[in-house]
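When reading the values below, keep in mind they use all heavy atoms of this one structure, side chains included, and skip hydrogens, waters and symmetry mates. Quick caveat, the model's predicted, so the values are computed rather than measured.
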2 protein chains.
Amino acid sequence: MDDSRPEGEAEQGAHGDRRAQLVDAAVDHVAAHGIADLSLRGLGAAIGVSHRMLIHYFGSKEQLLVEIVRTSERRQRDVLSRIRLEPGLSPADVARLLWHQLTDPRLAGQERLFFEICGHALRGRPEAVPVLEGLVTDWLEPLVAAEVAAGAEPAAARNRARLGLATVRGLLLDLLATGDRAGVDSAMEEFLRLYYGSQ
Amino acid sequence: MDDSRPEGEAEQGAHGDRRAQLVDAAVDHVAAHGIADLSLRGLGAAIGVSHRMLIHYFGSKEQLLVEIVRTSERRQRDVLSRIRLEPGLSPADVARLLWHQLTDPRLAGQERLFFEICGHALRGRPEAVPVLEGLVTDWLEPLVAAEVAAGAEPAAARNRARLGLATVRGLLLDLLATGDRAGVDSAMEEFLRLYYGSQ
DNA sequence: TGCAGCATGTACCAATTGGTACAGTCATGA
DNA sequence: TCATGACTGTACCAATTGGTACATGCTGCA
């Protein structure tokens, strides 16, 4: 081991940039080609470094996977923060907006990766397990807040939020599997009708 | 190659029994330990045969995976057929029954495997891809029929069925990830209230 | 100029993988 | 009895894997 050990958790510093850049490229590649049979050599060749470099910056494949999962999670969350809440929008409109964002074809790879990581996490793969923690909780918080703001009682709000989250994910899986955007959109409209009671 | 090639699609015959028995054991093992990093040697050791035997009976790992996925799908479908439709049950009751069956802890491994296979299928893994075809369609058919029987118009029935399927899957994923049975059950009750308008 | 330290590549290693060759066992039927 | 054929195990192979050792370049500083 001749390396000066940058594989610590130090995210800062000049080489941190390179590291972050590598992770970003890695997530892109993984979103496009899957995380299941990722190999350091294959990834390295795809993003233009030798597999030796990946070990150098991340210490091990395991650590790299951790970073990939973490970054992918962050990207996922960014989708939520990207919606601009303009005044005058009904809750149903906001939900429609979020759904539209989430099903952007450009995000398909990202969403596929989400379900792929879920599968690994459910199996206890160490790099993915932490995802389980926030898989529901992290998303419930803002949704419950929205429900309460819209006038629901706290207890019911939690159930409604959990239901909404599950339905969105179920329909997203449907969309990715079938590609039937029109059909899935119709089902989503049906849900919004039931959920918000708007005609 | 000295083998007399039983790896054709011949499911019949005396050795077909052995084959079927091996597949069954394999699905059990895979439901418990995941399909992602399955190795012929590991599987063989777990179910008491040499990896040589698996190649002998299935021709290749790929073919074995195909059989595993197929069998797992069949088991999944059997859950649906196991519910006894007693007269006097409301649609909501039937849904509750199905939900109860589906979330039986003894099926957890099976359900985890379902999501795992979905992930692989979304990535185009050849043994799992065929699943995508029936992932929604196969389940929609009976659900639509039930909706129509309950008085929905055919067009709306399709949307409602699709929505119901997606919600169930989303909540199932929630349950597997969080283990919070009470919370997920509450959300499901909320859904049934919205969906069937009861209470 | 020369030195120090990071960044990168090449070559290599041990382990594991799917798959094959060959040989042994065991039942059945002539 | 013995020969046929299915069934199974052992030993092996080539390829790929994550990870390491070593050597080389490059940059900045004195």
Side-chain angles (χ1 to χ4, degrees), chain A residues 1-26 29-30 33-69 120 125-128, chain B residues 1-26 29-30 33-69 120 125-128:
Chain A
M1 174 101 52
D2 65 332
D3 294 331
S4 48
R5 216 139 315 191
E7 66 255 21
E9 53 271 36
E11 298 268 339
Q12 325 293 23
H15 92 277
D17 299 344
R18 182 88 177 109
R19 208 177 123 107
Q21 163 191 345
L22 287 179
V23 175
D24 238 49
H29 179 262
V30 157
H33 300 87
I35 202 178
D37 38 7
L38 181 75
S39 81
L40 294 182
R41 282 172 171 81
L43 175 62
I47 68 180
V49 296
S50 74
H51 79 288
R52 169 69 179 75
M53 281 301 91
L54 296 172
I55 294 283
H56 174 72
Y57 280 104
F58 299 95
S60 71
K61 183 186 182 184
E62 196 54 41
Q63 277 298 317
L64 171 58
L65 287 177
V66 168
E67 296 295 332
I68 288 176
V69 168
H120 288 200
R125 281 281 270 274
E127 77 274 7
Chain B
M1 174 99 55
D2 65 331
D3 294 331
S4 47
R5 216 138 317 190
E7 65 255 22
E9 54 271 38
E11 297 269 338
Q12 323 295 20
H15 93 277
D17 298 344
R18 183 86 177 111
R19 207 177 123 107
Q21 164 190 346
L22 286 178
V23 175
D24 239 49
H29 179 262
V30 157
H33 300 87
I35 201 178
D37 39 7
L38 180 76
S39 80
L40 294 182
R41 281 172 172 80
L43 175 61
I47 67 180
V49 296
S50 72
H51 80 288
R52 168 70 178 74
M53 282 300 91
L54 297 172
I55 294 284
H56 173 74
Y57 279 105
F58 299 96
S60 71
K61 183 186 183 184
E62 196 55 40
Q63 277 298 317
L64 171 59
L65 287 177
V66 168
E67 297 295 332
I68 288 176
V69 169
H120 288 199
R125 281 282 270 273
E127 77 275 6

Any residue of residues 35-45 of chain A with a heavy atom less than 4.0 Å from an atom of DNA chain C: A:R41

Spatial distance of atom CG (B:L38) from atom NZ (B:K61) [nearest 0.5 Å]: 5.5 Å

With hydrogens left out and only the distance checked, is there a donor-acceptor pair under 3.5 Å joining A:H51's side chain and the base of D:dG19? yes

Is any side-chain nitrogen or oxygen of A:S50 closer than 4.0 Å to OP1 or OP2 of C:dT8? no

Nearest-Å distance, CZ (B:F58) to P (D:dT8)? 12 Å

Side-chain contact check for B:R52: nearest option of C:dA7, C:dA21, C:dG9 is C:dA21

Verify, without hydrogens or angle tests, whether A:R125 (side chain) and A:H120 (backbone) share a donor-acceptor contact under 3.5 angstrom. no

Distance from A:E67 atom CD to A:E127 atom CD, nearest 0.5 Å? 12.0 Å

Please state how far atom CE in A:M53 lies from atom C1' in D:dG25, giving the value in whole angstrom units. 12 Å

Per atom distances to the B:H56 side chain, the nearest of D:dC7, D:dT20, D:dG19 is D:dC7

What is the separation between atom NZ on A:K61 and atom P on C:dA15, rounded to the nearest whole Å? 18 Å

Separation between CG of A:L64 and OH of A:Y57, rounded to the nearest 0.5 Å: 13.5 Å

Whole-Å distance between C:dT17 C1' and B:L65 CG? 13 Å

Contact under 4.0 Å: A:R18 side-chain N or O vs C:dT8 OP1/OP2: yes

Rounded to whole angstroms, how far apart are CG on A:L22 and C1' on C:dT8? 12 Å

More 5' along DNA chain C: B:E62 or A:V49, using each one's nearest nucleotide? A:V49

In short, A:A26 meets A:I68 closest at the heavy-atom pair CB-CD1, 3.9 Å

Taking atom CG of B:L22 and atom CE of B:M53, what is their separation to the nearest 0.5 Å? 9.0 Å

From C-beta outward on A:I55, which listed nucleotide comes closest to its side chain: D:dT20, C:dT8, C:dG18? D:dT20

Please report, rounded to the nearest Å, how far the P atom of C:dT8 is from the CD1 atom of A:I47. 11 Å

Find the distance between CD1 (A:I55) and CG (A:L40) and round it off to the nearest 0.5 Å. 5.0 Å

